[in-house]
Amino acid sequence: MSDRVAIDVTIIGGGMITNDLILPSIYHLERMGVVKNISVCALTNAPLRHLKESQELQQAFPDQGFHAYPSLSEAPDKMLPDLYKEVLAAMPSRQAVVVAVPDQLHYPVVMEALKNDQHVLCVKPLVLKYAQAVEIEGLAFERGLFVGVEYHKRFDRRSLMARRRYALGHFGEFVMGEAKMIEPYYYRHSNFQNWFTTDKSDPFTYVGCHYVDLVYFITGLQPVEVSVSGIKGKFPNGNEGYMWANGRVRYENGALLSVINGLGYPDAGAGSNDQCLIMYCEGEDGTGLIEHDDQYRGVAHCYLDEIGCGGSRYNYVSPDFYRLVPWSGGPRLGRGGPGAMPVGYGYDSIAATINMIAHIENEVTSLDVAASLLKRQGIIRETDQQGIIATPANSSINELVTEAARLSILNDGAWAKIVGGEKPRVEMR
Ligand SMILES: NC(=O)c1ccc[n+]([C@@H]2O[C@H](COP(=O)([O-])OP(=O)(O)OC[C@H]3O[C@@H](n4cnc5c(N)ncnc54)[C@H](O)[C@@H]3O)[C@@H](O)[C@H]2O)c1
């Protein structure tokens, strides 16, 4: 092993995304020598017990584990909503905090992490208000702390190919597009029913933002107007939420993207969700086209029993986002069995930010306080400008779209516009 500094990682939130993507990715980075101590903090210890007892995680990462907050000896229903503050305060400075709590808690948790001098990786959407994204960007820069936002579609090779070719002018200019992301019906039975209520979120805000970010990532075009209509329904616990959303985004050049989203992909479907993007572009006496079938990518498995990786025994098992595959070993192979490793753009995206944080800290180990801050700020600005890892500076247009979308959906689909200038804001058209 090299003498590179490894960083501690604390994940705040122990729910679905932590189980399905974040924790396995962090475990893998631990055995690659990038990450040192791992902690996970949730509202209660129930999800932490689930993570500890997961057969899949135990098989893939034998001999690895995390510090649980609340500890597993607490009562499983005891809620400790402020425990994360104590956990963050106890961390050595300039380690990494992964924020994976419900959308409306991102802002307070990210701010608390920054105030405790921690670098941050936040699941999308960073926050629900543009002003909050600006505040986060300012505080992080002032302290030389890196904030990455987990818009993992940016790391899909097809997105990177499209961005490069678009910049080279090979498609022409985006003019008309359609995107879709329909998540599984069974989400309605999950913890979603406690927070995905009409006043807080909707399917456009929750997953439409992936494609809105992606079209911006590929084209660099700024959205200027948003209209989102929703269809309400009841969760099993009686809470009301938007189960479906139909949105339209207009861009600065007049282009239009329509986006449909929902919590309704059939549980028996082979999906395991339904997603795609199509973009038409105008060129000189011709049109260009970008078409991504992001659901069916050419691999199907039919298992003898249901093994829970899609709704049914017959599954489209795209290897592109996230899968565990056999691991042939690495720096820490000696610790236990080889298990499995995560592959796909979901892992690549997490690894990009965690590696960036580790890189920043390794660059400054021998610098004095002032030089270290300058160096860290320089790397942050370079990353902002490069525009591959989503940061508050290069992705906060998404917060304006989200704000406009929430304004629109609560006004029955009326258009909301993004007013630019020094202090961008949203208002009804
Ligand atoms: N494709 C994606 O990028 C993607 C996919 C799924 C979820 N997400 C995002 O991840 C976030 C979490 O989603 P999820 O599906 O894991 O939700 P979830 O409801 O399954 O889990 C939320 C977790 O947050 C924890 N939590 C709530 N309040 C807390 C507090 N005060 N302190 C500590 N922990 C607290 C809960 O205990 C729970 O473990 C959301 O912002 C969601 O939008 C992103």
Side-chain angles (χ1 to χ4, degrees), residues 10-25 39-52 66 68-70 74 76-88 97-113 120-128 148-156 181-184 186-197 200-214 235 237 239 241 261 263 272-273 275 294 320-322 344-350 353 390 395 398-399 402:
T10 297
I11 304 169
I12 312 291
M16 183 179 69
I17 192 77
T18 298
N19 179 72
D20 292 359
L21 176 66
I22 296 170
L23 184 59
S25 300
S39 304
V40 186
C41 175
L43 186 57
T44 65
N45 67 14
L48 305 180
R49 185 177 298 280
H50 174 82
L51 291 171
K52 290 247 185 206
F66 61 86
Y69 302 96
E74 291 283 358
D77 54 354
K78 185 167 172 191
M79 288 201 209
L80 293 164
D82 290 327
L83 179 62
Y84 76 89
K85 295 182 184 168
E86 290 170 37
V87 174
L88 295 180
V97 173
V98 183
V99 178
V101 287
D103 296 3
Q104 64 275 16
L105 293 178
H106 292 183
Y107 172 71
V109 178
V110 170
M111 289 300 283
E112 191 71 19
V120 171
L121 167 61
C122 184
V123 294
K124 63 80 217 160
L126 174 62
V127 281
L128 299 174
V149 190
E150 216 278 289
Y151 279 108
H152 42 238
K153 281 194 178 293
R154 291 185 175 205
F155 286 84
D156 188 342
M181 192 184 284
I182 313 292
E183 293 290 30
Y186 68 77
Y187 278 23
R188 299 187 194 185
H189 287 275
S190 74
N191 189 37
F192 270 60
Q193 53 192 319
N194 296 318
W195 63 272
F196 199 85
T197 43
K200 302 220 176 59
S201 196
D202 59 80
F204 180 93
T205 300
Y206 174 58
V207 279
C209 63
H210 274 300
Y211 280 115
V212 172
D213 179 70
L214 195 54
F235 284 106
N237 68 357
N239 281 344
N261 302 111
L263 302 183
S272 56
N273 66 5
Q275 47 175 320
D294 289 329
D320 293 16
F321 169 56
Y322 168 84
Y345 63 84
Y347 169 73
D348 293 344
S349 166
I350 303 242
T353 290
S395 74
N398 292 316
E399 271 71 35
T402 300

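All of these numbers come straight from a predicted model, not from anything done at the bench. Just so you know, ligand 1 is whichever comes first in the structure, and atom 1 is the first atom listed for that ligand.
Distances from atom 30 (C) of ligand 1 to the heavy atoms of P81, C209, C41 show the closest one on P81. For the residues I11, L48, D103, the heavy atom positioned nearest atom 40 (C) of ligand 1 is part of D103. Ranked by closest heavy atom to atom 24 (O) of ligand 1, the top entry among G15, A42, P102 is P102.
The distance between the ring centers of Y347 and Y322 does not fall below 6.0 angstrom. Taking the six-membered ring for Trp and the full ring otherwise, F196 and Y206 have centroids separated by under 6.0 Å.
Counting heavy atoms closer than 4.0 Å to ligand 1, residue L105 contributes side-chain atoms (C-beta onward) but none from N, CA, C or O. Here Y151 has no heavy atoms under 4.0 Å from ligand 1, in either its backbone or its side chain. Under 4.0 Å from ligand 1, heavy atoms of V101 appear from its side chain as well as its backbone. Counting heavy atoms under 4.0 Å from ligand 1, residue A100 touches it through the backbone alone.
Counting protein heavy atoms only, atom 44 (C) of ligand 1 is closest to K124 CE, 3.4 Å. Shortest contact from atom 1 (N) of ligand 1 to any protein heavy atom: H210 NE2, 3.1 Å. Looking from atom 18 (P) of ligand 1 to the surrounding protein, the closest heavy atom is N191 ND2, 3.8 Å. For atom 25 (C) of ligand 1, the nearest non-hydrogen atom of the protein is G13 CA, 3.8 Å. What sits closest to atom 9 (C) of ligand 1 on the protein, heavy atoms only, is V123 CG2, 3.6 Å. The single protein non-hydrogen atom nearest to atom 4 (C) of ligand 1 is I17 CD1, 3.5 Å, given as residue, atom name and distance. Nearest non-hydrogen protein atom to atom 15 (O) of ligand 1 is M16 CE, 3.4 Å.
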Worked verdict on E183 versus N273 for side-chain hydrogen bond (donor to acceptor under 3.5 Å, both in side chains): CA-CA 5 Å; E183 293 290 30; N273 66 5; 3.0 Å; yes
F192 vs L263, side-chain contact (heavy atoms from CB on, under 4.5 Å): CA-CA, chis, key distance, verdict: CA-CA 10 Å; F192 270 60; L263 302 183; 4.3 Å; yes
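In this structure, K52 satisfies the cation-pi test against F66, with its NZ or CZ atom closer than 6.0 Å to the six-membered ring centre and inside 45 degrees of the ring normal.
Looking only at distances, no side-chain donor or acceptor of N239 sits under 3.5 Å from a matching main-chain atom of N194.
Within the 4.5 Å cutoff, side-chain heavy atoms of I350 are placed close to those of L121. Put simply, the side chain of D320 does not reach to within 4.5 Å of the side chain of D294, judged on heavy atoms. The shortest distance between side-chain heavy atoms of L126 and N398 does not fall below 4.5 Å. A 4.5 Å side-chain heavy-atom check between T205 and N261 finds every atom pair outside the cut-off. Using a 4.5 Å cut-off on side-chain heavy atoms (C-beta onward), L23 and V40 make contact. Side-chain contact between H152 and L21: present, with at least one pair of heavy atoms (C-beta onward) separated by less than 4.5 Å.
Set against the non-hydrogen atoms of G14, the atoms of ligand 1 under 4.0 Å away are 23 (C), 38 (C), 39 (O). Within the listing of ligand 1, atoms 15 (O) sit less than 4.0 angstrom from a heavy atom of F192. Using a 4.0 Å cut-off to heavy atoms of P47, the atoms of ligand 1 that qualify are 39 (O). With ligand atoms numbered from 1 in the order given, ligand 1 contributes 5 (C), 6 (C), 7 (C), 42 (C), 43 (O) to contacts under 4.0 Å with heavy atoms of Y206. Using a 4.0 Å cut-off to heavy atoms of W195, the atoms of ligand 1 that qualify are 19 (O).
When each of R154, K124, K153 is paired with D213, the salt bridge (Lys or Arg N to Asp or Glu O under 4.0 Å) condition holds for R154 and for no other.
Close N/O approach between L43 and ligand 1 is found [any backbone or side-chain N/O within under 3.5 Å]. Checked by distance only, ligand 1 and Y84 stay at 3.5 Å or farther apart across all their nitrogen or oxygen atoms. Between H106 and ligand 1, a contact under 3.5 Å exists for at least one N or O pair.
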